[in-house]
Amino acid sequence: MSTTGCSASKQQSTSFAAMSTTGYSAIALSRKLVLLTRNHRDLGKVTGLLIED
């Protein structure tokens, strides 16, 4: 396996994680739900999103 393939796979998993976090936060925000997360640094920037550890 080439290192290029590993790098692309890692990049895809990082992109997937970012997309799922965005999706979960969008759903929680639209339904006025509390999102349980440890990612307070990033999700705390979303205005109106209720987060809890």
Side-chain angles (χ1 to χ4, degrees):
M1 179 180 256
S2 70
T3 56
T4 305
C6 291
S7 177
S9 176
K10 185 176 180 180
Q11 184 179 15
Q12 286 175 345
S13 65
T14 302
S15 297
F16 177 75
M19 286 174 49
S20 63
T21 301
T22 303
Y24 292 138
S25 60
I27 291 168
L29 186 60
S30 69
R31 296 184 182 185
K32 297 182 174 121
L33 300 172
V34 176
L35 182 64
L36 300 178
T37 183
R38 292 184 181 173
N39 189 359
H40 289 260
R41 183 183 66 195
D42 294 327
L43 295 176
K45 298 175 186 176
V46 180
T47 305
L49 181 63
L50 304 172
I51 56 174
E52 192 171 311
D53 201 0

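- Distance check: Glu52 CD to Arg38 CZ gives 13.5 Å after rounding to the nearest 0.5 Å.
- Within the model, atoms CG of Asn39 and OG1 of Thr21 stand 6.5 Å from one another, a figure rounded to the nearest 0.5 Å.
- Considering only residues two or more places apart in sequence or on other chains, Arg31 meets the side-chain contact (heavy atoms from CB on, under 4.5 Å) condition with Ile27, Leu33.
- Taking a 4.5 Å side-chain heavy-atom cut-off between Ile, Leu, Val, Met, Phe, Trp and Tyr, the cluster of Leu29 extends to Tyr24, Leu35, Leu43, Val46, Leu49, Ile51.
- Taking Leu50 as the reference, Val34 meet the side-chain contact (heavy atoms from CB on, under 4.5 Å) condition, with sequence neighbours excluded.
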